[in-house]
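Notes follow the structure.
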Amino acid sequence: MKILLIYPLDRDFMPPSMPPLGLAYVASALMDNGHEITVIDLNGDREHGLSDLQYLLQSKSYDMIGISSIITQYKRVKELGKLIKSIVPDTPLIMGGSGPTSIPEFYLKNCSADIVCIGEGEATVNELAFLIQNKIPLESCKGIIFKNGSGQYFTTAPREHISDINKIKFPAWELFNSINTYMGNYLFRSGRKTGVSILSTRGCPGQCNYCMCNFGRRLRARYPENIFSEINILVKKYNMEHIHFVDDTFITTPQRVKDICHMFKDSFKNVTWSANVRADLVTADILKNIAEANCISLAYGIESGSRTVLEYIRKGITPEQAGNAIKWTREAEILLTTYFMLGMPCETPDTVRETINFCKDNLVGGEFFFVTPFPKTELYQYALDNRIITNEDIYLEHAGEVRNFVVNLTKMSNEELFDLKEAAETEIRQHLKKHNIIVKSSIRENPRETVKNLPKF
Ligand code: B12
Ligand code: SF4
């Protein structure tokens with residue numbers, strides 16, 4: 001089959017810096033089954049992507065079109081779906097990724113999708129291609145929702161998670177003209193020339209109330225040998241200098257981490273790496289070990305310095321664990337990134353004070369994200385139940401960037417929360433400056449005046 005896969009524009013205020021790993025996995029799975037794949041990456045190729053897409057839709061014919069997206073691309077996917085259907089109304093349009101997985105009906109109703117793939121895509125997309133090619137009804141395909149002949153939505157049985165993720169084909173970056181752009185701009189490359197994402201685990205047993213856990217709660221980890229083969233290709237083919245593990249839970253067992261460290265020490269002496277890690281899973285020993293294995297940077301989602309807030313969100317870490325992780329990471333001489341957010345329903349001036357004190361004591365922070373609830377999470381349900389969000393469609397069109405204040409879940413007024421966040425950032429930054437730590441300001445879309453009248457969703 002001839003299949004066109006598309007990645008929509010994302011975060012257009014900054015250069016494309018994270019390649020669409022999900023789409024690359026799906027492309028690879030389809031290619032492995034003999035399909036002819038064309039990729040149009042509207043994010044990676046901002047100059048020609050849209051005109052290339054229009055040209056292809058008008059001049060070539062495809063048996064199936066797929067779009068991948070996360071929830072923050074919702075508005076773009078809407079526009080893209082409309083465009084595609086205006087040119088090729090009869091070509092089956094399939095949508096997948098964490099956005100469509102979290103609210104599949106919205107993508108059918110508002111984004112022109114004919115079929116939505118829920119969860120992992122590799123097996124589902126191949127089965128769909130087979131059924132569409134052979135004009136077989138879709139009811140038997142697990143893990144999808146689609147509009148049936150009478151225009152009603154039909155949800156099939158859930159697709160089981162892929163149990164052995166070592167068997168999954170590596171991402172097909174060779175199909176992406178944009179790959180060199182991403183590698184050169186890579187968000188986490190920490191000063192190295194080239195960088196790329198790798199996913200070494202799927203699933204997370206965590207219970208955080210703001211997270212949709214799109215790969216399920218069961219943790220599945222790849223063997224170091226399998227990771228080795230992927231890095232080896234990246235180094236040989238693309239001269240890769242830096243690898244970032246985008247795993248939800250990179251540290252699974254201390255033994256697996258040790259094995260990965262051996263791999264870097266023995267085989268990739270010139271490749272540096274970084275990862276997202278949980279503060280409760282690191283120890284001084286693990287950190288020392290990974291520093292010796294070329295790990296140059298680690299990111300921790302600490303979220304809050306307040307025990308009340310940490311318990312409320314069920315993060316599963318304490319301020320003490322977070323403090324230790326910060327201390328040990330510094331001692332291991334690994335670059336440290338910490339993420340914090342303000343505005344959980346239980347946030348008060350007192351909890352913000354606790355977070356400020358935590359940041360000052362541990363010399364971290366200085367920038368907060370506004371809590372923004374996303375679908376298929378407990379926090380989102382809270383916003384719906386409390387009628388803070390009443391029009392999901394309009395809300396989702398706006399909830400694109402968490403540095404932007406779009407919704408207030410707290411008991412404080414909008415101005416109070418906004419001012420509290422600004423004052424907290426200023427106080428922490430001034431303190432950090434005394435210790436020669438300068439926090440870079442990032443883009444903020446809504447200035448104070450606009451906060452008073454946040455749109456009603
Ligand atoms: C790396 C990452 C980032 C990166 C890059 C994001 C990006 N635009 O690609 C950065 C750091 C910038 C980021 C930022 C944010 N992120 Co983020 N991020 C991730 C993370 C950790 C990994 C993404 C990834 O590469 N996954 C691996 C690939 C293989 O998975 P996948 O894309 O889902 O693909 C599979 C299936 O979905 C499916 N599939 C995918 N596409 C298609 C297409 C078709 C046609 C089909 C059939 C199937 C299919 O098959 C694939 C293979 O099985 C995920 C968590 C996670 N576990 O995925 C969160 C995640 C995507 N992020 C999330 C969020 C909320 C954010 C932020 C809003 C939060 C914040 N604090 O700022 C911002 C948004 C910024 C933005 N506009 O991009 C949520 C999204 C929720 C949702 N409903 O979409 C996730 C899922 C975390 C979570 N569990 O809640 N993020
Ligand atoms: S936020 Fe991170 S630790 Fe918490 S459930 Fe989601 S992936 Fe797991």
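Indexing begins at 1, ligand by ligand and atom by atom, following the structure's order. In this chain, numbering begins with 1 at the start of the sequence shown.
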For Trp273 together with Phe264, are the ring centres under 6.0 Å from each other?
yes
Review point. Do Leu23 and Asp41 have side chains that get closer than 4.5 Å, going by heavy atoms?
Key: no
Take every heavy atom of Ser197, measure it against each atom of ligand 1, and state whether any distance is under 4.0 Å. no
One finds that the ligand 1 atoms under 4.0 Å from a non-hydrogen atom of Ile71 are 82 (C), 83 (N), 84 (O)
For Gly121, the ligand 1 atoms with a heavy-atom partner under 4.0 Å come out as 38 (C), 48 (C), 50 (O), 51 (C), 52 (C), 53 (O)
Honestly, for Phe215 the part within reach of ligand 1 (heavy atoms, under 4.0 Å) is side chain
When rounded to the nearest 0.5 Å, the distance separating CD1 of Ile94 from OG of Ser68 is 12.5 Å
Protein-derived N, O or S atoms lying less than 2.8 Å from atom 8 (Fe) of ligand 2, waters not counted, sum to 1
Ligand 1 to Gly119, heavy atom cutoff 4.0 Å, flagged ligand atoms 36 (C), 37 (O), 38 (C)
Taken in chain and number order and not counting sequence neighbours, the residues that satisfy salt bridge (Lys or Arg N to Asp or Glu O under 4.0 Å) with Glu397 are Lys78
- Item | Polar contact flag, side-chain donor to acceptor under 3.5 angstrom, Asn391-Asp393 | no
Any side-chain donor near an acceptor of the partner, His244 and Ser197, under 3.5 Å = no
Leu199 heavy atoms within 4.0 Å reach ligand 1 at atoms 27 (C), 29 (C)
Note: ligand 1 atoms sitting under 4.0 Å from heavy atoms of Ile94 are 45 (C), 47 (C)
Any heavy atom of Met18 under 4.0 Å from ligand 1? The part involved is side chain
Check: Under 4.5 Å between any side-chain heavy atoms of Pro345 and Leu379, yes or no?
Finding: yes
### Task
Examine ligand 1 and decide if any of its atoms is less than 4.0 Å from a heavy atom belonging to Ile162.
no
Quick note on ligand 1: atoms under 4.0 Å from a heavy atom of Gly66 include exactly 45 (C)
Could you tell me if the ring centre of Phe228 sits under 6.0 Å from that of Tyr223? no
Among non-hydrogen protein atoms, atom 2 (Fe) of ligand 2 lies closest to Lys315 NZ, 4.3 Å
Taken to the nearest 0.5 Å, the spacing of Ile231 CD1 from Met263 CE works out to 4.0 Å
Contact region, Ser68 to ligand 1, non-hydrogen atoms below 4.0 Å, reads both
* Asked: Cationic tip of Arg256 within the cone over Phe245's six-membered ring, i.e. under 6.0 Å and within 45° of the normal?
  -> no
Quiz prompt | Phe154/Phe146 aromatic ring centres below 6.0 Å | solution = yes
Quick check on the 6.0 Å ring-centre criterion: do His398 and Phe457 meet it? yes
One should read off an interatomic distance between His48 NE2 and Tyr55 OH, to the nearest 0.5 angstrom, of 15.0 Å
TODO: Say whether Pro375 and ligand 1 are in contact under the criterion: heavy-atom distance to a ligand atom below 4.0 Å.
DONE: no
Check if Tyr74 has a non-hydrogen atom at a distance under 4.0 Å from any atom of ligand 1.
no
OG of Ser306 to CD of Glu354, rounded to nearest 0.5 Å, is 4.0 Å
Near Phe369 (heavy-atom distance under 4.0 Å), the atoms of ligand 1 are 71 (N)
May I ask whether Arg202 places a heavy atom under 4.0 Å from ligand 1?
yes
